[in-house]
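Working notes, structure below.
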Amino acid sequence: MSSSTPVTDTATEATVTLERRGHVLLIGLNRPAKRNAVNVEMWDALAQAYGELERDDDLWAGVVFAHGPHFTAGFDLAEIAPRIQDGTLGIPEGGADPWNLREPLRRKPIVAAVHGMCLTLGIELLLASDIRISADDAKFGQIEVARGIYPFLGATVRMPQVAGWGNAMRWLLTGDLFDAEEALRLGLVQEVVPAGEQLAKAIEIADRICAQAPLGVQATIRSARGVIRDGEEAAIAALLEDAVTLFGTEDAAEGVASFVERRTAKFSGR
């Protein structure tokens, strides 16, 4: 399925489109005439979309993609810059931080599908996601240093963790563009597919995640992030306590029953 194909009837009306597919929420950046540059309206709509994913117990994973030929050109600076400077660019009520920098941190997995141009905050949106699929036509650039600023939505923190110090600085300090194969080498993306196939692949992976026990998935993310956020010792200390909690859930009982009965488990998220 091509990411340039709208997935909702409102694709020409909303800066962010939403579509539910089973337990998956598809979140589509939708300002193609502006190369999906993020203005205030899209910023708020994206945060609201992530908030909906977090609130709805029947949604177990999200897929982030973009309409049109590009993922995003970054900020619509003419509109956004004044809000950054005066400190009013926050997360709206009912929203959740798509860049996963502000509490409460996201609990549910995000699979990202990227194609075309992916600049600045687009890379940071990928780094805040859990699994990233790239079209082979994608071009990436963390170009803030060429604009007199620097990456402030997580790249300076996460890119060295993902790619290593030297690899991260090679691109963060020069603002040079790099291609999908380099993104794969860096670990910024996990798989490169032919252009037009990235969204279908991301949905396929999200569906595989949603076939697992959602509470177990969320606990896995929480534990792995805990190592980065709180350190290895704190994360290790929480392992057994979290496991005990999970063993008391309906999903754990269903997991054991399905194993004994040699059938596919049907999880409920309880």
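One-based numbering along the sequence shown.
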same_hphob_cluster([X], [Y]) at 4.5 Å side-chain heavy-atom cutoff:
X    : Y    : value
V227 : I131 : no
L127 : I228 : no
Y150 : L119 : no
V63  : I205 : yes
L177 : M169 : no

What closest approach, in Å, do [X] and [Y] show between heavy atoms, and which atom pair accounts for it?
X    : Y    : result
P160 : A155 : CD-O, 3.5 Å
P214 : D251 : CD-OD2, 3.5 Å
L126 : C118 : CD1-SG, 4.1 Å
T72  : G122 : CG2-CA, 3.4 Å
H115 : A66  : CE1-O, 3.2 Å
G175 : V145 : N-CG2, 4.0 Å

Using only atom types and a distance under 3.5 Å, with no angle test, would you say the side chain of [X] pairs donor to acceptor with the backbone of [Y]?
X    : Y    : result
N36  : H70  : yes
H23  : D58  : yes
Q198 : S134 : no
T249 : L246 : yes
D179 : A138 : no

Going by side chain to side chain donor-acceptor pair (under 3.5 Å), name the residues that satisfy it together with [X], two or more places apart in sequence or in a different chain.
X    : result
R262 : none
E52  : none
T88  : R83, D86
R147 : none

Atom pair [atom1]/[atom2] of [X] and [Y] - distance to nearest 0.5 Å:
X    : Y    : atom1 : atom2 : value
I123 : F71  : CD1   : CZ    : 10.5 Å
M42  : F75  : CE    : CZ    : 11.5 Å
D56  : L25  : CG    : CG    : 8.5 Å
I221 : L105 : CD1   : CG    : 11.5 Å
T220 : L215 : OG1   : CG    : 10.5 Å
L53  : I110 : CG    : CD1   : 5.0 Å

Check whether any side-chain heavy atom of [X] lies under 4.5 Å from a side-chain heavy atom of [Y], and answer yes or no.
X   : Y   : answer
L18 : L26 : no
T15 : V38 : no
V16 : I27 : yes

ring-ring contact (aromatic ring centres under 6.0 Å, His included) partners of F178, counting only residues at least two apart:
F140, W171

Not counting sequence neighbours, which residues clear ring-ring contact (aromatic ring centres under 6.0 Å, His included) with Y50? List them please.
none

Give a yes or no on this: more than 12 heavy atoms of other residues, nucleotides or ligands lie within 6.0 Å of atom [atom1] of [X].
X    : atom1 : answer
E233 : CD    : no
R20  : CZ    : yes
F247 : CZ    : no

May I ask you to decide whether E241 forms a salt bridge with R222, counting only side-chain N to carboxylate O separations under 4.0 Å?
no

Answer yes when D76 and R31 have at least one side-chain N-carboxylate O distance shorter than 4.0 Å, and no when they do not.
yes

Please assess I80 against L89 for the test side-chain contact (heavy atoms from CB on, under 4.5 Å), listing each intermediate value before the final yes or no.
CA-CA 8 Å; I80 287 282; L89 189 68; 4.0 Å; yes

Apply salt bridge (Lys or Arg N to Asp or Glu O under 4.0 Å) to the pair R21 and E204, showing each step before the final yes or no.
CA-CA 11 Å; R21 293 192 180 188; E204 176 189 330; over 6 Å; no

Kindly state each residue pair satisfying side-chain hydrogen bond (donor to acceptor under 3.5 Å, both in side chains) with at least one member in residues 155-165, sequence neighbours excluded.
none

Test of understanding: with side chain to side chain contact (heavy atoms under 4.5 Å, CB included), list the residues that count as partners of A237, not counting sequence neighbours.
none

Quiz: residues 90-101 side-chain donor-acceptor pairs under 3.5 angstrom, not counting sequence neighbours:
| from | atom 1 | to | atom 2 | distance (Å) |
| --- | --- | --- | --- | --- |
| D97 | OD1 | W99 | N | 2.9 |
| D97 | OD2 | L101 | N | 2.8 |
| D97 | OD2 | R102 | N | 3.0 |
| D97 | OD2 | R102 | NH1 | 3.1 |
| W99 | NE1 | L121 | O | 3.1 |
| N100 | OD1 | R106 | N | 2.7 |

From CA spacing to verdict: salt bridge (Lys or Arg N to Asp or Glu O under 4.0 Å), E254, R263:
CA-CA 10 Å; E254 167 63 8; R263 59 173 174 80; 2.6 Å; yes

Apply the side-chain contact (heavy atoms from CB on, under 4.5 Å) test between V111 and each candidate in D130, L199, I209; give the one that qualifies.
I209

Report all side-chain donor-acceptor pairs from residues 184-195 shorter than 3.5 Å, counting only partners two or more places apart or in another chain.
| from | atom 1 | to | atom 2 | distance (Å) |
| --- | --- | --- | --- | --- |
| R185 | NE | E182 | OE1 | 2.8 |
| R185 | NE | E182 | OE2 | 3.4 |
| R185 | NH2 | N167 | OD1 | 3.1 |
| R185 | NH2 | E182 | OE2 | 2.8 |
| Q190 | OE1 | R132 | N | 2.8 |
| Q190 | NE2 | G187 | O | 3.2 |

Enumerate the salt bridge (Lys or Arg N to Asp or Glu O under 4.0 Å) contacts for residues 166-177, please, sequence neighbours excluded, ordered by first and then second residue.
R170-D176

Taking only residues at least two apart or on different chains, which pairs with a member in residues 107-127 satisfy salt bridge (Lys or Arg N to Asp or Glu O under 4.0 Å)?
E54-R107

